[in-house]
S.K.: 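Below you'll find the structure I mean.
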2 protein chains.
Amino acid sequence: MRTMATRARHPERRQEPLSRERIVGAAVELLDAVGESGLTFRALAERLATGPGAIYWHIAGKTELLVAATDAVVAPTLDAADAADATPQEAIRTLAGDLFDAIDDHPWVGAQLNRAPAPPPLLRVLERIGGRVQALHVPEAAQFTAACTLLNYILGVAGQNAANARTAQPGADRGEFLDAVASTWAQLDPAQYPFTRTVAGQLRTHDDREEFLAGIDLILTGIAARR
Amino acid sequence: MRTMATRARHPERRQEPLSRERIVGAAVELLDAVGESGLTFRALAERLATGPGAIYWHIAGKTELLVAATDAVVAPTLDAADAADATPQEAIRTLAGDLFDAIDDHPWVGAQLNRAPAPPPLLRVLERIGGRVQALHVPEAAQFTAACTLLNYILGVAGQNAANARTAQPGADRGEFLDAVASTWAQLDPAQYPFTRTVAGQLRTHDDREEFLAGIDLILTGIAARR
DNA sequence: ACCTGAACACCGTTCAAGT
DNA sequence: ACCTGAACACCGTTCAAGT
């Protein structure tokens with residue numbers, strides 16, 4: 001009787017039981033807070049107030065954990081990206097933009113999408129893009145190429161985004177980081193890197209997101225021109 | 001006198017001194033033979049008949065080693081890709097195809113290009129592509145977008161290629177692996193994944209390399225349509 | 001100057017032991 | 001059924017000691 005009352009009085013101090021959901025949620029928080037290198041079974045166990053071995057009862061290993069964490073970010077993003085009345089082009093643009101925002105908020109997602117061959121979150125993206133490509137009335141034989149081109153382009157940007165986040169010191173904002181990259185490029189040997197030097201200035205003035213969407217538009221233009 | 005003669009008689013048994021070149025060369029061999037997870041300072045040291053600490057005299061750490069190994073594959077590939085008389089489109093296609101072959105031979109390169117933000121090998125690729133884009137008479141403001149779109153697409157394919165190589169068991173060839181992926185896709189829930197299911201069959205019949213170049217062509221079409 | 005290899009501070013993962 | 005945490009088999013990296 002006493003112990004029950006005591007428990008009831010401090011419900012917030014009771015540790016909820018471990019679950020796949022709680023573990024994945026804590027992993028996402030940890031990845032957001034300290035980056036890919038910070039996700040450790042020991043750190044995760046400490047955050048969950050348990051031992052590292054406990055996690056293995058719910059999740060097979062680190063690979064599965066990372067896929068689940070990636071899916072936890074990507075799946076809701078895709079569901080939110082369903083604009084009802086829009087042209088297929090607009091829908092693809094919106095989908096890509098939403099994905100960009102999600103990857104911008106969780107840069108480690110960009111690396112994870114590239115780590116496994118077609119993991120569940122990637123299949124989700126392919127499916128969404130494919131559906132929109134069909135709506136564009138692309139001939140069936142060309143649908144696969146069109147969807148994969150868009151997907152691979154998104155993957156490339158996602159990967160670079162993750163690489164940037166890995167390198168940038170946590171303090172500096174993206175503006176400072178891009179400035180640093182741009183000045184490195186500007187100092188390249190003009191004989192060997194004429195184009196990259198010329199283009200270095202645009203790194204500073206261009207908006208990442210706009211630049212990304214401009215690439216999407218370029219591919220969409222290619223798809224339309226083929227039709 | 002005796003020792004000198006002995007040395008001269010067995011020159012092939014003398015261990016060449018360590019050098020950055022030898023280390024990087026051994027790293028490439030190790031990566032090709034046993035994959036990314038097999039490149040270890042201990043394994044590398046054993047191959048070089050020395051201790052792990054010796055490597056650090058010549059190379060700052062594992063990151064620098066991986067960048068150097070990647071550059072050792074990419075730089076010669078790019079130099080070989082200089083077709084003198086070709087249209088800019090043909091030149092970009094050739095460049096992309098040669099890169100694909102290099103990444104196909106050394107799948108770990110695909111992952112490394114995505115790991116660091118614009119590492120030297122990536123800048124080389126950007127520069128080459130940029131030069132060809134200029135030759136296409138793309139307006140200056142659009143050159144950056146055009147080159148980055150091509151580059152990011154290549155990066156996406158490269159990353160997926162690396163992911164496939166990481167997963168496929170060393171014994172199986174690519175045909176078997178793609179069959180396995182295709183049959184996984186074919187078993188997806190038709191309600192959730194109609195497009196991916198439809199397209200699963202094309203995974204088997206399509207040639208990776210042709211599919212990759214078809215994406216390059218699609219982007220080139222987009223660039224041409226904008227001009 | 002260059003190499004050696006033991007030692008340090010970590011990892012992911014396992015597993016006997018507990019509840 | 002689920003959790004604990006010590007232990008195992010690794011890592012990258014450092015550094016005193018050698019040549």
Side-chain angles (χ1 to χ4, degrees), chain A residues 3-4 6-7 13-31 33-70 108 111-112 115-116 119 163 166-167, chain B residues 3-4 6-7 13-31 33-70 108 111-112 115-116 119 163 166-167:
Chain A
T3 53
M4 281 186 65
T6 305
R7 280 189 183 182
R13 310 205 58 178
R14 287 289 313 146
Q15 193 62 53
E16 273 192 46
L18 266 187
S19 68
R20 215 185 131 88
E21 263 182 4
R22 270 192 73 216
I23 293 171
V24 171
V28 170
E29 284 174 26
L30 209 47
L31 285 161
V34 289
E36 305 167 60
S37 65
L39 181 64
T40 285
F41 273 82
R42 284 170 180 82
L44 188 58
E46 195 182 12
R47 204 183 186 91
L48 293 165
T50 181
I55 298 166
Y56 283 86
W57 185 262
H58 301 274
I59 294 228
K62 190 160 189 181
T63 301
E64 188 181 311
L65 177 60
L66 284 168
V67 169
T70 304
W108 50 272
Q112 289 314 312
R115 195 157 324 276
R166 212 167 355 216
T167 302
Chain B
T3 55
M4 281 184 68
T6 306
R7 280 190 182 178
R13 309 204 56 179
R14 286 290 313 147
Q15 194 61 52
E16 273 192 46
L18 267 187
S19 67
R20 214 185 131 87
E21 261 181 8
R22 271 192 72 218
I23 294 171
V24 172
V28 170
E29 285 175 26
L30 209 48
L31 285 161
V34 288
E36 305 166 61
S37 65
L39 180 65
T40 283
F41 274 81
R42 283 170 180 82
L44 188 59
E46 195 182 11
R47 203 183 186 91
L48 294 165
T50 181
I55 297 166
Y56 283 87
W57 186 261
H58 301 274
I59 294 227
K62 190 159 189 182
T63 302
E64 188 181 312
L65 178 60
L66 284 168
V67 170
T70 305
W108 49 271
Q112 289 313 314
R115 195 157 324 275
R166 209 172 302 142
T167 302

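Remember, it's a predicted structure, so these values are computed and weren't measured experimentally. Throughout, a chain's letter reflects where its sequence line sits, starting with A, and its residues are numbered from 1.
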S.K.: Rounded to whole angstroms, how far apart are CD1 on A:Ile55 and C1' on C:dT13?
M.R.: 11 Å

S.K.: Can you tell me the distance, in whole Å, between the CD1 atom of A:Ile23 and the P atom of C:dG12?
M.R.: 14 Å

S.K.: In whole angstrom, what separates B:Glu46's CD from D:dC10's P?
M.R.: 13 Å

S.K.: Whole angstroms only, please: what is the CG-C1' distance between B:Leu18 and C:dC3?
M.R.: 8 Å

S.K.: I'd like a list of close polar pairs between nucleotides 14-17 of chain D and the protein, N/O only, cut-off under 3.5 Å.
M.R.:
none

S.K.: Between C:dA9 atom P and B:Phe41 atom CZ, what is the distance in whole Å?
M.R.: 20 Å

S.K.: When you measure from the side-chain N and O atoms of B:Trp57 to the phosphate of C:dC2, is any distance below 4.0 Å, counting only OP1 and OP2?
M.R.: yes

S.K.: Considering non-hydrogen atoms only, spot the tightest contact between B:Leu44 and B:Ala27 and give its length.
M.R.: CD1-N, 3.7 Å

S.K.: Minimum heavy-atom separation for A:Lys62 and A:Leu39, please, with both atom names.
M.R.: NZ-O, 2.8 Å

S.K.: What pattern of brackets, bars and dots sums up DNA chain C from 5' to 3', given Watson-Crick or G-U wobble pairs under 3.5 Å, [ ] for crossing pairs and | for another strand?
M.R.: ||.|||||...|||||.||

S.K.: A:Leu65 and side-chain contact (heavy atoms from CB on, under 4.5 Å): which single residue from A:Ile59, A:Leu31, A:Thr70 fits?
M.R.: A:Ile59

S.K.: Side chain of B:His58: nearest nucleotide among D:dC3, C:dC3, C:dT13?
M.R.: C:dC3

S.K.: According to side chain to side chain donor-acceptor pair (under 3.5 Å), who are the partners of B:Glu46, at least two apart in sequence or on a separate chain?
M.R.: none

S.K.: Side chain to side chain contact (heavy atoms under 4.5 Å, CB included), that's the test. Do B:Arg22 and B:His58 meet it? Break it down for me.
M.R.: CA-CA 10 Å; B:Arg22 271 192 72 218; B:His58 301 274; over 6 Å; no

S.K.: Using a heavy-atom cut-off of under 4.0 Å over every strand shown, decide if B:Leu39 touches base, sugar-phosphate, or nothing.
M.R.: sugar-phosphate

S.K.: I want to confirm an ordering. Mapping A:Arg42 and B:Lys62 to their closest nucleotides on DNA chain D, which one lands closer to the 5' end?
M.R.: A:Arg42

S.K.: Could you pull out the closest heavy-atom pair between A:Ala45 and A:Gly51, with the gap in Å?
M.R.: CB-C, 3.5 Å

S.K.: Can you tell me how far CD1 of A:Ile23 sits from CG of A:Leu18, rounded to the nearest 0.5 angstrom?
M.R.: 5.0 Å

S.K.: Report, as yes or no, whether the 6.0 Å neighbourhood of atom CD on A:Glu64 holds more than 12 heavy atoms from other residues, nucleotides or ligands.
M.R.: yes

